[in-house]
Amino acid sequence: MTAPPPRRSPWTVPLWIALVLALGGLGWRAVAGCGIAWVDGTPLLDYCPEPPEPDPRPGILAAAKEREDGLEDELHRLRLALIDAPDCPPPPEPPVEIAEA
């Protein structure tokens with residue numbers, strides 16, 4: 001007498017399908033990173049995307065950095081001035097009113 005085959009879980013097939021799809025997606029991403037692209041249904045080897053256009057306004061970043069440095073210097077100067085400033089005198093005592101009975 002032979003033993004009956006072991007029962008499979010109902011999740012076995014969907015989990016295998018999910019694993020194959022995940023590995024296929026990762027493989028596709030790896031192939032795209034290796035210089036292979038699909039153009040109009042045919043593989044294109046040594047594919048390199050065009051580099052992005054350089055920023056036409058390169059001076060903006062330098063101007064912002066220079067302004068930031070100036071503001072940090074001003075903040076440092078104001079902090080030192082605050083440390084060296086004399087203490088404020090205490091406020092005068094309010095006059096005491098005496099109620100007459």
Side-chain angles (χ1 to χ4, degrees):
M1 197 184 231
T2 61
R7 285 187 54 191
R8 277 195 278 172
S9 169
W11 291 99
T12 304
V13 173
L15 287 176
W16 276 107
I17 291 173
L19 178 66
V20 167
L21 289 176
L23 290 175
L26 288 173
W28 182 261
R29 297 289 293 196
V31 165
C34 292
I36 301 174
W38 292 93
V39 178
D40 297 329
T42 58
L44 176 65
L45 301 177
D46 293 330
Y47 169 75
C48 267
E50 293 183 21
E53 294 286 325
D55 188 7
R57 305 166 297 174
I60 290 177
L61 184 60
K65 181 66 177 158
E66 185 177 322
R67 182 171 184 269
E68 178 186 5
D69 291 342
L71 290 174
E72 285 180 359
D73 292 343
E74 179 72 11
L75 178 63
H76 183 69
R77 187 188 64 76
L78 290 174
R79 283 182 177 160
L80 290 176
L82 183 61
I83 290 171
D84 293 339
D87 292 336
C88 294
E93 294 283 332
V96 178
E97 294 182 20
I98 301 175
E100 292 182 29

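Sorted by first and then second residue, the pairs that involve residues 58-74 and meet side chain to side chain donor-acceptor pair (under 3.5 Å), not counting sequence neighbours, are Glu74-Arg77.
Contacts of Glu93 classified as side chain to side chain contact (heavy atoms under 4.5 Å, CB included), with partners at least two apart in sequence or in another chain: none. Take Leu19 and apply the side chain to side chain contact (heavy atoms under 4.5 Å, CB included) test, not counting sequence neighbours, and it matches Trp16, Leu23.
Contact of the Ile17 side chain with the Pro14 side chain is not registered, since no non-hydrogen atoms from C-beta on lie closer than 4.5 Å.
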